[in-house]
A.B. asks: 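There's a structure below that I have some questions on.
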Amino acid sequence: MPELPEVQTIVTGLRPRLLGRPISDVRLLRRDIFHPPDLELPTLLAGRRIADVSRRGKKIIITLDNAQRFYIHLGMTGRLTLEASETPLLPHTHLILSLQPNQELRFRDPRRFGGIWWISGDCQADTNLGPEALDLKPADLSARLSKTRRAIKSALLDQSLIAGLGNIYADEALFAAGIHPTKRADRITRDQAAVLTRAIKQVLKRAIRHNGSTLRDYRDADGNSGDFQRLHRVYDRKGRPCHNCRTPIQRIVLTGRSTHFCPACQPRSAARR
DNA sequence: GTCCATGTTCTTTA
DNA sequence: CTAAAGAACATGGA
């Protein structure tokens with residue numbers, strides 16, 4: 001569920017409230033969400049202070065006062081919330097970090113596609129990750145897209161090509177750029193790549209300003225919903241009129257993912273005259 | 001019961 | 001061999 005804007009919203013909310021605080025107790029309620037399995041997360045965290053909270057792609061990176069780091073990936077249904085200790089635990093809470101005097105950082109994830117990874121050696125925060133979507137250079141995007149024959153939509157979801165986009169924002173960015181989702185990635189022109197670069201950044205920045213999109217599961221660190229779903233142009237709008245031209249939005253399935261677009265505003269081939 | 005879901009990784013296919 | 005499609009993972013809601 002959480003893509004770059006949702007993860008950024010969580011990080012922005014947590015950082016000022018976590019910096020410098022000591023972790024007084026650690027409860028790992030499900031061991032199998034922590035990797036690698038041979039390390040003892042409670043031992044690694046006990047008594048440490050939080051030195052930084054940051055983001056890389058869709059990963060939330062926590063740095064400790066001894067410079068050791070781990071990251072949390074929220075998968076589809078993960079939540080990372082800062083709550084009063086007396087707040088009842090929701091089901092599927094897998095990790096609790098106690099922060100004095102009476103708060104807890106809680107990781108909850110019903111589907112368990114998410115998890116927590118200790119960073120060291122072969123597990124780095126940016127292993128197999130492309131450049132940050134917000135830092136993308138048009139020439140870089142163009143060069144990367146030229147190496148694959150996949151549909152552009154599928155390419156945008158590949159985190160090793162660009163880090164941060166997911167199913168919502170890939171669809172929204174392609175609409176903003178006027179590009180059909182099934183267009184072959186290696187047939188995107190340099191001009192189109194420049195337009196797409198701008199569209200990606202614009203969509204992501206707007207979504208961050210609106211605290212992300214809540215369709216079903218996403219909540220920020222305080223349990224609040226995002227707002228950007230109200231501004232979606234195509235995602236989850238099958239059959240509803242395009243905001244530009246009133247043509248009904250289409251939904252197709254592309255490499256297993258639902259894909260939404262306006263058949264008029266995103267023509268299969270660029271209009272020529 | 002069925003289908004669908006904001007993600008990633010492993011397996012199979014072409 | 002490799003790129004890309006498909007299946008799998010696990011849970012819950014419509």
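Proteins get letters first, then strands, A, B, ... in listed order; numbering begins at 1 in each.
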A.B. asks: Look at all strands and tell whether A/G256 reaches a base, only sugar-phosphate, or nothing, counting heavy atoms closer than 4.0 Å.
C.D. replies: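 Nothing, no heavy atom under 4.0 Å.
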A.B. asks: Specify the separation, in whole Å, of atom CG of A/L74 and atom P of B/dG7.
C.D. replies: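 Taking CG of A/L74 and P of B/dG7, I get 11 Å after rounding.
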A.B. asks: Taking only side-chain nitrogens and oxygens of A/S258, does any of them come within less than 4.0 Å of OP1 or OP2 of B/dA5?
C.D. replies: yes
A.B. asks: What dot-bracket string describes DNA chain B from 5' to 3', counting Watson-Crick and G-U wobble pairs whose defining distances are under 3.5 Å, with [ ] for crossing pairs and | for pairs to another strand?
C.D. replies: .||||.||||||||
A.B. asks: Not counting sequence neighbours, which residues clear side-chain hydrogen bond (donor to acceptor under 3.5 Å, both in side chains) with A/T12? List them please.
C.D. replies: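 Applying side-chain hydrogen bond (donor to acceptor under 3.5 Å, both in side chains) to A/T12 gives A/Q8.
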A.B. asks: Specify the separation, in whole Å, of atom CG of A/L4 and atom C1' of B/dG7.
C.D. replies: 14 Å
A.B. asks: Taking atom P in both C/dA10 and B/dT11, compute the distance separating them and give it to the nearest angstrom.
C.D. replies: 15 Å
A.B. asks: Could you pull out all residues at least two apart from A/H180 that satisfy ring pair (Phe, Tyr, Trp, His ring centres under 6.0 Å)?
C.D. replies: A/F261
A.B. asks: Indicate, with a heavy-atom threshold strictly under 4.0 Å, whether A/Y169 touches base, sugar-phosphate, or nothing.
C.D. replies: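 Result for A/Y169 = nothing.
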A.B. asks: Between A/E6 and A/R55, does any NZ, NE, NH1 or NH2 come within less than 4.0 Å of an OD or OE carboxylate oxygen?
C.D. replies: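 Answer for the salt bridge query: no.
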A.B. asks: Is the phosphate of C/dA10 approached by A/T77 (side-chain N or O, under 4.0 Å from OP1 or OP2)?
C.D. replies: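 For A/T77, the contact criterion (side-chain N or O under 4.0 Å from OP1 or OP2 of C/dA10) is not met.
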A.B. asks: Rounded to whole Å, please give me the gap between OH in A/Y235 and C1' in B/dG7.
C.D. replies: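 It works out to 11 Å between those atoms.
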A.B. asks: Please list all pairs passing the salt bridge (Lys or Arg N to Asp or Glu O under 4.0 Å) test where one or both residues lie in residues 136-147 of chain A, with sequence neighbours left out.
C.D. replies: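 As it turns out, the salt bridge (Lys or Arg N to Asp or Glu O under 4.0 Å) pairs with a partner in residues 136-147 of chain A, which skip direct neighbours, are A/D140-A/R144.
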A.B. asks: Output the rounded distance in Å from CD (A/E3) to P (B/dG7).
C.D. replies: 4 Å
A.B. asks: For A/R187, check side-chain hydrogen bond (donor to acceptor under 3.5 Å, both in side chains) against everything at least two apart and list the hits.
C.D. replies: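 With neighbours one apart ignored, the set is empty.
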A.B. asks: Say you pick atom P in C/dC1 and the same atom in B/dT9; how far apart are they, in whole Å?
C.D. replies: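 It works out to 23 Å between them.
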A.B. asks: Roughly how far, to the nearest 0.5 Å, is CG of A/L95 from CZ of A/R108?
C.D. replies: 14.0 Å
A.B. asks: I need the CG-P distance between A/L145 and C/dA4, as an integer number of Å.
C.D. replies: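 Between P of C/dA4 and CG of A/L145: 12 Å.
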A.B. asks: Select base, sugar-phosphate, or nothing to describe what A/R257 touches, counting heavy atoms under 4.0 Å on all strands.
C.D. replies: base
A.B. asks: side-chain hydrogen bond (donor to acceptor under 3.5 Å, both in side chains) with A/S120: which residues, sequence neighbours excluded?
C.D. replies: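 Partners of A/S120 under the side-chain hydrogen bond (donor to acceptor under 3.5 Å, both in side chains) test: none.
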A.B. asks: Can you tell me if the side-chain N/O atoms of A/H92 get under 4.0 Å from OP1 or OP2 in C/dG12?
C.D. replies: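 So the side chain of A/H92 is within the cut-off, an N or O lying under 4.0 Å from OP1 or OP2 of C/dG12.
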A.B. asks: Atom NE2 of A/H35 to atom P of B/dT8: distance rounded to whole Å?
C.D. replies: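 Interatomic distance, NE2 of A/H35 to P of B/dT8: 14 Å.
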A.B. asks: For A/K58 and B/dG7, what is the distance between atoms NZ and P respectively, to the nearest whole Å?
C.D. replies: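 Checked: the NZ to P distance equals 4 Å.
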A.B. asks: Among residues at least two apart in sequence or on other chains, which ones pass side-chain hydrogen bond (donor to acceptor under 3.5 Å, both in side chains) with A/H232?
C.D. replies: A/S213
A.B. asks: Can you list, by residue number, the residues of residues 107-122 of chain A that have a non-hydrogen atom closer than 4.0 angstrom to DNA chain C?
C.D. replies: A/P110, A/R111, A/R112, A/F113
A.B. asks: Can you check the A/L254 CG to C/dG6 P distance for me, whole Å?
C.D. replies: 10 Å
A.B. asks: For a quick test of reading the model: is some side-chain N or O of A/H73 closer than 4.0 Å to OP1 or OP2 of B/dG7?
C.D. replies: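 For B/dG7, neither OP1 nor OP2 has a side-chain N or O of A/H73 closer than 4.0 Å.
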A.B. asks: Just to be sure I understand the rule, does A/T214 reach a base, reach only the sugar-phosphate, or reach nothing, if contact means heavy atoms closer than 4.0 Å?
C.D. replies: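 Contact class for A/T214: base.
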A.B. asks: State whether A/E132 and A/R56 are salt-bridged, where the test is any N-O pair (Lys NZ or Arg NE/NH1/NH2 against Asp/Glu carboxylate O) under 4.0 Å.
C.D. replies: yes
A.B. asks: Run through the side-chain heavy atoms of Ile, Leu, Val, Met, Phe, Trp and Tyr, join any pair under 4.5 Å, and report what else lands in A/W117's cluster.
C.D. replies: A/I61, A/Y71, A/I119
A.B. asks: Kindly give the cluster partners of A/L89, where membership spreads through any ILVMFWY side chain lying under 4.5 Å from a current member.
C.D. replies: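 Cluster partners of A/L89: A/L29, A/I96.
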A.B. asks: Show every donor-acceptor pair shorter than 3.5 Å between a side-chain atom in residues 236-253 of chain A and any protein atom, with sequence neighbours excluded, or say none if there are none.
C.D. replies:
unit_1: A/R237; atom_1: NH1; unit_2: A/R233; atom_2: O; d: 2.9
unit_1: A/R237; atom_1: NH1; unit_2: A/P241; atom_2: O; d: 3.2
unit_1: A/R237; atom_1: NH2; unit_2: A/P241; atom_2: O; d: 2.9

A.B. asks: For the side chain of A/R149 and the backbone of A/R184, is there at least one donor-acceptor N/O pair under 3.5 Å apart?
C.D. replies: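 Absent.
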A.B. asks: When you compare B/dC3 with C/dA7, how far apart are their P atoms, in angstrom units rounded to a whole number?
C.D. replies: 14 Å
A.B. asks: Please list, for nucleotides 9-14 of chain B, all pairs of protein and nucleotide N/O atoms separated by less than 3.5 Å.
C.D. replies:
none

